[in-house]
Amino acid sequence: MPQLNPEFFTPQLFWLLITFSVLFVVLAKSVLPRIAGVLEERELRIGSDLEKAQQLKEEAEKVQTAYEESLVESRAKAVQLATETKAKLQAIADERKAALDAELATTLADAEKRITSAKEDALANLQSVSVDACQAVVSKLIGVDLDQATVKAVVEKETGNFTKGVA
Amino acid sequence: MSANPLAQFEVKRLTAEPLLVGGFDISFTNASLFMVVVVTVASLFLGMGVRRAAIVPGRWQSIVEMSYEFIANMVRDNVGNEGRRYFPFIFTLFIFILTCNLVGMVPYSFTVTSHIIVTFALAAVVFLGVTFIGFMCHGMAFLKMFAPGGVPLWLMPMLIVIEVISYMTRPISLSVRLFANMTAGHTIMKVFAGFVVSMGAAGGALTAAAALPFAFEIFLIGLEFLVAFLQAYVFTVLTCLYLNDAIHMHH
């Protein structure tokens with residue numbers, strides 16, 4: 001077995017010492033600190049990123065709450081506005097209706113008055129026509145000229161009953 | 001390449017003459033060359049991976065970070081917070097062994113960790129370091145580790161002997177485990193590769209039958225990659241456990 005040949009023990013040990021020491025120095029002084037630095041930096045970065053994300057999340061939640069609050073508020077305002085408008089419009093409508101009612105009532109009363117007077121006029125005309133007709137009928141039938149006042153009294157008596165019935 | 005499956009473990013000087021300093025042979029050999037290759041590859045791979053470090057890592061950077069976190073978690077889980085000081089050494093140990101094992105998987109290369117002197121040197125450093133840390137942390141009280149509590153007095157002498165022996169054999173088991181795994185794995189791979197070649201060259205039915213060792217060779221290569229990772233992991237975990245024993249003295 002070549003491994004057990006002591007001839008090469010000292011050169012092996014010497015070069016092992018040299019090469020291992022070189023590797024140790026290179027790793028310990030240069031490579032390992034650099035790796036450690038990268039890992040640390042990454043950890044810090046991740047930590048700060050997480051913190052930032054948390055902060056942003058809180059902010060977003062705040063905005064969300066504010067939005068919801070304003071939404072509720074505006075909804076209430078809208079309902080109030082609707083109620084108010086409705087009441088106002090109702091008042092206007094009521095007022096106009098009342099005015100119209102009053103106007104209609106006046107018109108109606110006038111019309112009734114006119115009808116009544118027209119009827120009275122008509123009845124009055126009817127009396128005079130009846131008196132003339134009676135006088136003419138009596139003179140033609142029996143040749144007696146009745147005096148106008150007598151006929152009028154009779155007609156008035158008769159039509160008084162009649163108008164009472166009509167009115 | 002020699003057909004001898006052990007030829008791959010031979011160390012050869014790359015210079016004509018041995019390089020002697022103060023009576024010690026420190027010749028640059030193929031083993032030394034591959035140690036240099038391993039360190040270069042590992043440094044470049046890890047260094048370039050985080051050269052332009054990004055917050056969102058690419059694939060390469062991810063692998064480097066994963067290896068870092070893998071060992072960092074291992075140290076934290078097994079040793080606790082006191083282990084942070086030793087993290088650079090443990091990381092270097094893991095990367096060195098893993099890269100040695102993986103570079104050894106390249107055909108015609110040399111597996112540095114298949115040499116007992118290398119693995120033993122690493123284990124000895126771990127053993128001496130851990131013992132030193134134990135005495136640093138607890139002073140002479142560290143010796144209590146060899147005398148577990150709640151044991152009848154008459155059993156003590158025997159138990160102390162056993163504990164001391166088990167403690168002393170740690171570097172041996174640690175180094176032999178890695179060395180034996182790498183040596184055995186590479187030897188078997190070589191043996192089966194040799195079967196494929198010799199059976200394939202034999203002609204006739206044997207050539208067709210060479211598919212069997214070939215299929216097994218593929219399986220072995222997959223297994224050897226697993227072993228390469230696993231042995232680096234085991235070596236490192238055991239180092240962490242020994243370190244934990246020294247720092248916290250569980251008993």
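All chains are named by letter (A, B, ...) in the order of the sequence lines, taking the proteins before the strands, and each is independently numbered beginning at 1.
- Shown here is B:Phe135, whose CZ atom has more than 12 heavy atoms of other residues, nucleotides or ligands within 6.0 Å.
- In this structure, chain A has no heavy atom under 4.5 Å from any part of B:Phe120.
- Heavy atoms closer than 4.5 Å to chain A are found nowhere in B:Leu19, neither backbone nor side chain.
- With contacts defined as side-chain heavy-atom distances shorter than 4.5 Å, the pair B:His115/A:Phe8 does not qualify.
- Both the backbone and the side chain of A:Arg42 have a heavy atom closer than 4.5 Å to some heavy atom of chain B.
- Both the backbone and the side chain of B:Pro57 come within contact range of chain A, each with at least one heavy atom under 4.5 Å from a heavy atom of that chain.
- Side-chain contact between B:Phe24 and A:Phe14 is absent, with no heavy-atom pair separated by less than 4.5 Å.
- Taking each heavy atom of B:Asp25 and A:Thr10 in turn, the nearest pair found is O-OG1, 2.9 Å.
- Distance alone, capped at 3.5 Å, places no donor-acceptor pair between the A:Thr19 side chain and the B:Met35 backbone.
- No side-chain heavy atom of B:Gln61 sits less than 4.5 Å from a side-chain heavy atom of A:Ile35.
- In the displayed structure, B:Met136 atom CE is contacted under 6.0 Å by at most 12 heavy atoms of other residues, nucleotides or ligands.
- By the 6.0 Å contact criterion, CD on A:Glu61 is enclosed, its count of non-hydrogen atoms from other residues, nucleotides or ligands being greater than 12.
- Residues A:Met1 and B:Thr183 have side chains in contact (heavy-atom distance under 4.5 Å, counting atoms from C-beta outward).
- Between A:Leu13 and B:Ile117, some side-chain heavy-atom pair lies under the 4.5 Å cut-off.
- For B:Tyr68, the part lying near chain A is the side chain, with the backbone staying farther off; criterion is any non-hydrogen pair under 4.5 Å.
- In this structure, chain B has a heavy atom under 4.5 Å from the side chain of A:Leu4, while its backbone stays farther away.
- Of the listed residues (B:Ala121, B:Ala31, B:Ser114, B:Ala72), the one with the most heavy-atom contacts under 4.5 Å to chain A is B:Ser114.
- Looking at heavy atoms from C-beta onward, A:Gln3 lies out of side-chain contact with B:Glu10 at the 4.5 angstrom threshold.
- Taking chain B as the reference chain and counting heavy-atom pairs below 4.5 Å, the highest number among A:Glu41, A:Gln12, A:Arg45 is found for A:Gln12.
- Comparing B:Thr40, B:Val50, B:Leu122, B:Val21 by heavy-atom pairs within less than 4.5 Å of chain A, the highest count is held by B:Val50.
- From B:Ile55, atom CD1 reaches atom CD of A:Glu43 across 11.0 Å, with rounding to the nearest 0.5 Å.
- By the neighbour-count criterion of 12 heavy atoms within 6.0 Å, atom CD of B:Glu69 is densely surrounded, having more than that number from other residues, nucleotides or ligands.
- For A:Leu27, the part lying near chain B is the side chain, with the backbone staying farther off; criterion is any non-hydrogen pair under 4.5 Å.
- Taking the side chain as every heavy atom from C-beta outward, A:Leu23 and B:Ser43 approach each other to under 4.5 Å.
- Here the side chains of B:Leu93 and A:Phe20 are in contact, with some heavy-atom distance below 4.5 Å.
- Taking a 6.0 Å sphere around CZ of B:Phe216, one finds it holds more than 12 heavy atoms contributed by other residues, nucleotides or ligands.
- Interface remark: A:Leu16 contributes backbone and side-chain atoms alike to the contact with chain B (heavy atom separation under 4.5 Å).
- Nearest heavy-atom pair across B:Pro88 and A:Leu32 is CA-CD1, 3.7 Å.
- Put simply, the side chain of A:Trp15 gets close to the backbone of B:Ser27: a donor and an acceptor are under 3.5 Å apart.
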